[in-house]
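Heads up, the thing below is written out as structure tokens.
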Amino acid sequence: MKVPASIRVGTCSHTGLVRSANEDDYLLATSASSGAVTFVAAIADGMGGAAGGAEASRTALRALGATLIDGDPGAGMDEGFARASANVLQSAAAVPALRDMGTTLTALWLCDGHAFVGHIGDTRLYRRRRDRLEVMTKDHALQEGQNLLTRCIGAGQSDCAPDFAKLELSSGDRFLLCTDGVWSVVEESALEALAALRDPQRAADRLVRAAVDRGAPDNATALVIDVLDPALGESVEVQLPRHERPSARALWPAARSLRRPLWPFA
């Protein structure tokens, strides 16, 4: 895929050791329309069973990408989330088996020297700047032994009420987007150390591997984005993993259960 020349990307996703299917999904997309280069990285954690969760996360990401990358140049993050919500609800209404499907969604849109953030649910965005890792999003969940979502896209809700923010970009910024299958099982000190690894692909791999080493009760996905220059520059072709990492399945433990995933929602 194409990414701006001043962006370095690492991606990793794994089903985990309990879930029977991976309902996490992510989006990486670059636009160079009208001479302005923009870049989108987004992550979604679906819920509603194997079919519903995967469909919800995929639908939301496609709608967001179509709005920010392929749509009206004046469209913003709020319009992208509104379209994601509408599309997920429309798909749920069309198929009775998917009527309860929903998803979290956390997005990072780099353009004009800024980072625009959209967020709902308990996926997270971190920023590492000057050796300090900081959570840039607020979890929409009740922490009661297991995360009970208080806000999400879909799940029968027509009003998704996401959070939005605008951040200044600086050379050397690193952003980490990850699902709760990573941040909820990897202790803070280990997460900070792994997020600091120099190579973004190695950092993403090691973060997910750390979740697997700790039992991986949920799907685990991590995206690591390095910003070398806020100006982004022309796009270049890069090769990113297309399958669960590492590609040799024998290196990862097999799932312990094929039970239907349970996705609590408050």
Could you please spell out the steps behind the side chain to side chain contact (heavy atoms under 4.5 Å, CB included) verdict for Leu191 and Leu133?
CA-CA 9 Å; Leu191 191 144; Leu133 188 68; 3.4 Å; yes
Flag the pair [X] / [Y] as yes when at least one side-chain heavy-atom distance between them is below 4.5 Å, and no otherwise.
| X | Y | value |
| --- | --- | --- |
| Leu169 | Phe175 | yes |
| Ile225 | Leu28 | yes |
| Thr11 | Tyr26 | yes |
| Val37 | Glu234 | no |
| Leu149 | Met47 | yes |
| Cys12 | Leu207 | no |
| Val238 | Met1 | yes |
| Arg128 | Asp173 | no |

Please assess Ile7 against Thr30 for the test side chain to side chain contact (heavy atoms under 4.5 Å, CB included), listing each intermediate value before the final yes or no.
CA-CA 11 Å; Ile7 297 291; Thr30 302; over 6 Å; no
Name the one of Val88, Asp25, Thr123 that satisfies side chain to side chain contact (heavy atoms under 4.5 Å, CB included) with Ser57?
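Of the listed options, the one satisfying the test is Asp25.
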Begin from the C-alpha positions of Leu89 and Ser158 and carry the test side chain to side chain contact (heavy atoms under 4.5 Å, CB included) through to its verdict.
CA-CA 7 Å; Leu89 289 172; Ser158 58; 4.2 Å; yes
Can you tell me how far the [atom1] atom of [X] sits from the [atom2] atom of [Y], to the nearest 0.5 Å?
| X | Y | atom1 | atom2 | answer |
| --- | --- | --- | --- | --- |
| Thr38 | Leu232 | OG1 | CG | 8.0 Å |
| Thr104 | Ile120 | OG1 | CD1 | 9.0 Å |
| His14 | Asp205 | NE2 | CG | 11.5 Å |
| Ile43 | Leu125 | CD1 | CG | 10.0 Å |
| Arg124 | Thr179 | CZ | OG1 | 11.0 Å |
| Asp218 | Glu23 | CG | CD | 8.5 Å |

Any chance you could lay out the side chain to side chain contact (heavy atoms under 4.5 Å, CB included) test for Leu167 and Met136, step after step, and finish with the verdict?
CA-CA 10 Å; Leu167 310 174; Met136 307 306 291; 3.9 Å; yes
Taking only residues two or more places apart in sequence or in another chain, which ones pass ring-ring contact (aromatic ring centres under 6.0 Å, His included) with Phe39?
none
Could I get the full list of ring-ring contact (aromatic ring centres under 6.0 Å, His included) partners for Phe116, not counting sequence neighbours?
Trp109
Between His119 and Thr106, is any side-chain donor less than 3.5 angstrom from a side-chain acceptor?
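On atom types as modelled, these side chains qualify, holding a pair under 3.5 Å.
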Is it true that the side chains of Asp229 and Ser6 contain a donor and an acceptor less than 3.5 Å apart?
no
Using the rule that two of Ile, Leu, Val, Met, Phe, Trp, Tyr join whenever any of their side-chain heavy atoms come within less than 4.5 Å, decide whether Leu176 and Leu228 are in one cluster.
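No, Leu176 does not connect to Leu228 through the hydrophobic network.
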Is there a path of hydrophobic side-chain contacts, each under 4.5 Å between heavy atoms of I, L, V, M, F, W or Y residues, that connects Phe164 with Leu105?
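In one cluster: yes.
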Within 6.0 Å of [atom1] in [X], more than 12 heavy atoms from elsewhere:
| X | atom1 | result |
| --- | --- | --- |
| Asp112 | CG | no |
| Glu134 | CD | yes |
| Arg58 | CZ | yes |
| Glu188 | CD | no |
| Arg99 | CZ | no |
| Glu187 | CD | yes |

Return the minimal non-hydrogen interatomic distance between [X] and [Y], and the atom names on each side.
| X | Y | answer |
| --- | --- | --- |
| Leu110 | Leu108 | CD2-CG, 3.8 Å |
| Gly76 | Thr67 | O-CG2, 4.3 Å |
| Ala220 | Asp24 | N-OD2, 3.6 Å |
| Asn219 | Ala21 | ND2-O, 3.0 Å |
| Ala56 | Gly102 | CB-O, 3.3 Å |
| Gln157 | Thr150 | OE1-O, 4.4 Å |

My understanding is that only one of Asp159, Asp163, Asp139 makes a salt bridge (charged side-chain N to carboxylate O under 4.0 Å, His left out) with Arg151; could you say which?
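So the option named by the test is Asp163.
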Can you check whether Ala195's main-chain N or O pairs, donor with acceptor, with Arg174's side chain at less than 3.5 Å?
yes
Where the side chain of Arg83 meets the backbone of Glu79, is there a donor-acceptor pair that is under 3.5 Å apart?
no
